[in-house]
Number of protein chains: 2
Amino acid sequence: MSRASDRAYEAIRSMILSGELPAGAQLAEEALAEKCGVSRTPVREALRRLESDLLVTRTDTQRSFVADWSIDDVADAFELRAMLEGKAARRAAERMTDAALDRIRAANRQIGEAVRGASADVVGFLEGNREFHAVILEVAASRRLAALLGTLVEQPVVWRTAHHYSREALLRSFGEHEELIAAFARRDGAWAEAIMTGHILRAYHAYADAHRGLAEQGIIREAAE
Amino acid sequence: MSRASDRAYEAIRSMILSGELPAGAQLAEEALAEKCGVSRTPVREALRRLESDLLVTRTDTQRSFVADWSIDDVADAFELRAMLEGKAARRAAERMTDAALDRIRAANRQIGEAVRGASADVVGFLEGNREFHAVILEVAASRRLAALLGTLVEQPVVWRTAHHYSREALLRSFGEHEELIAAFARRDGAWAEAIMTGHILRAYHAYADAHRGLAEQGIIREAAE
DNA sequence: CCTTCCATATTTGTATACAATACGATCCCA
DNA sequence: TGGGATCGTATTGTATACAAATATGGAAGG
């Protein structure tokens, strides 16, 4: 992480996820290099990585811009993610070890605490949630599946909307995770896949609801055209 | 394609696919740069792309090597590809236009001619096959799906084995494509998905059979370890 | 008022130099 | 003989300079 190209990657990525660099903004290498305190070489490398993450797009003339995620794009990504995470859950259930199961349980315990606190701890929720899904992906033991999902998980709009999820939605996530744990404990791949697929699709609708709400309040606006 | 980094990408990729650079071979930037007639800068970029294609792996200390695809890796990739191409076929069926259908029919006509010729024209088959699947992916209209599938389609071992497929296997491919066209003509997403999933999985077993045969004849050898 | 074309400014692509890091062989010392 | 430090070599990381490509703005002409 101390390499300049990694720093550039993280810096640019977080500027995109936070909205500091809005959708459609041009990403000129020189300017980014200055902002990140490195030369253009590592910035170029970071841009290529972000491009393969689909966070950045390039025109046919090689100019880079912050990718513009329409609501359809988000739906598309969730749909694919539901399928792939479902598959991962199935494989994980078939390969589950007791040690991994403990780690998954611990992650959901953290989620439970984050959700039940006086004021919902969204950061804690996201952290536990990431760990929960990361362990499953690890147990699924498919480099390719992991690589594919890696490009789908981080979506700028989703990220910015997360803080507005209702507590009810967060609680339901926790409950679905508990059910997944039961499926894992039984090593029941079909059950795990079904729950996971539904879990992601429900999360999509939670996002869509929150997003619609925010749009109505004028807190966020839909991307132009 | 005339950019140096593109040339480097194509050159290195084809050296890997052809087996000129065998699995496990170290990829030193300087040496590749000389071999490709460009400087290290575009070679570095090409290596990163190949890495995201999973054709190249990097150690924790940043050395690049030709990725080692075990038979399990290939099975894994085919399994994912079956799922994703199935999904693409479903979407394509739901969005099919008459113009696209004509292009798909033309592609399969080319495949038919290649297969039926006196000596099976494998290159023509592969070309038509690529076009067939490319049009479907285009009609499916999901940038993300296309991006994910892009990393799964080219596999070195599969590529090198293709020339040894039996004519029967190629003919069956042609027939399944015809059935897919029927599903597209009916705009029947579920049917298209089912056929496509089966089509890819059958192709996997055709590959596995050919591969096993070649291994027994000592024409190819399994990767070390 | 709109289009076309050109000069200029911006931006990206590539080569190269040098710095930092990793590898491997050798040597030293128990 | 084995383990570990050390140094030379190989390899990668970064900065920078310059070349090539692209965009932009304004003048000329319709």
Side-chain angles (χ1 to χ4, degrees), chain A residues 1-16 20-68 147 150 223-225, chain B residues 1-16 20-68 143 147 150 224-225:
Chain A
M1 184 58 63
S2 78
R3 294 210 322 297
S5 65
D6 290 333
R7 288 206 312 277
Y9 174 80
E10 290 297 334
I12 300 169
R13 182 165 162 282
S14 89
M15 285 190 282
I16 293 175
E20 181 183 338
L21 286 171
Q26 179 165 7
L27 299 169
E29 296 171 359
E30 185 81 44
L32 290 174
E34 190 157 356
K35 200 179 289 206
C36 298
V38 299
S39 80
R40 272 180 55 213
T41 310
V43 167
R44 284 176 67 80
E45 201 172 311
L47 283 178
R48 301 303 151 88
R49 276 211 267 163
L50 291 162
E51 187 190 358
S52 85
D53 294 346
L54 296 185
L55 253 50
V56 165
T57 56
R58 293 169 88 194
T59 66
D60 50 355
T61 59
Q62 314 296 91
R63 261 73 176 165
S64 299
F65 297 84
V66 177
D68 190 1
E225 42 97 65
Chain B
M1 186 59 61
S2 79
R3 294 210 322 298
S5 66
D6 289 332
R7 286 206 312 276
Y9 175 80
E10 290 297 335
I12 300 170
R13 181 164 161 285
S14 89
M15 286 190 280
I16 293 175
E20 181 182 340
L21 287 171
Q26 179 165 7
L27 299 169
E29 297 171 358
E30 185 78 45
L32 290 174
E34 190 156 355
K35 200 179 290 207
C36 299
V38 300
S39 80
R40 272 181 57 214
T41 309
V43 167
R44 285 175 67 81
E45 200 171 310
L47 283 178
R48 302 301 150 88
R49 277 210 267 164
L50 290 163
E51 187 190 359
S52 85
D53 293 348
L54 295 184
L55 253 50
V56 164
T57 56
R58 292 168 87 193
T59 66
D60 49 356
T61 59
Q62 314 295 90
R63 262 70 177 167
S64 298
F65 297 85
V66 177
D68 191 3
R143 268 188 19 239
E225 55 86 67

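Please read these numbers as outputs of a predicted model, since none were measured by experiment. Note: hydrogens, waters and symmetry copies are ignored here, and every other heavy atom, side chains too, is used. We name chains A, B, ... by the order of the sequence lines, and we start the count at 1 in each one.
- Contacts of B:A25 classified as side-chain contact (heavy atoms from CB on, under 4.5 Å), with partners at least two apart in sequence or in another chain: B:P22, B:V66.
- Applying the salt bridge (Lys or Arg N to Asp or Glu O under 4.0 Å) criterion to A:R48, with sequence neighbours excluded, gives B:E45.
- Among residues two or more places apart in sequence or in another chain, the side-chain contact (heavy atoms from CB on, under 4.5 Å) test is passed with B:A11 by B:C36.
- A heavy atom closer than 4.0 Å to some atom of DNA chain C occurs in no member of residues 25-36 of chain B.
- In this structure, A:T59 and A:G37 both approach DNA chain D, and ranking their closest nucleotides by distance from the 5' end singles out A:G37.
- In this view, B:R58 and B:E51 satisfy the salt bridge (Lys or Arg N to Asp or Glu O under 4.0 Å) rule, not counting sequence neighbours.
- Between A:S5 and D:dT14 there is a side-chain N or O to OP1 or OP2 distance below 4.0 Å.
- The stretch residues 44-52 of chain A has no heavy atom under 4.0 Å from DNA chain D, so no residue of it qualifies as close.
- Atoms CZ (A:R40) and C1' (C:dT11) sit 7 Å apart, rounded to a whole Å.
- In this view, B:R143 and A:D73 satisfy the salt bridge (Lys or Arg N to Asp or Glu O under 4.0 Å) rule, not counting sequence neighbours.
- Proximity of A:S39 to the phosphate of D:dA15: a side-chain N or O atom is located under 4.0 Å from OP1 or OP2.
- For B:R49, the salt bridge (Lys or Arg N to Asp or Glu O under 4.0 Å) partners two or more places apart in sequence, or in a different chain, are B:D6.
- For A:E30, the CD atom sits in a loose shell: 12 or fewer heavy atoms of surrounding residues, nucleotides or ligands are nearer than 6.0 Å.
- Between A:Q62 and the phosphate of C:dG13, there is a side-chain N or O to OP1/OP2 separation shorter than 4.0 Å.
- B:R58 has a side-chain polar atom (N or O) that falls below the 4.0 Å cut-off from OP1 or OP2 of D:dG13.
- Atom CG of A:D6 is separated from atom P of D:dT12 by 16 Å (rounded to the nearest Å).
- For B:T61 against C:dA22, a side-chain-to-base donor-acceptor contact under 3.5 Å is absent.
- In this structure, OG in B:S14 is found 7.0 Å from CD in B:E20, a value given to the nearest 0.5 Å.
- Among pairs with a residue in residues 33-43 of chain B, those fulfilling side chain to side chain donor-acceptor pair (under 3.5 Å) read B:E29-B:R40, at least two apart in sequence or across chains.
- Here the nucleotide nearest the side chain of A:R63, chosen from D:dA15, C:dC23, C:dT12, is C:dT12.
- Across the protein-nucleic acid pair, A:R7 atom CZ and D:dT14 atom P stand 8 Å apart, rounded to whole Å.
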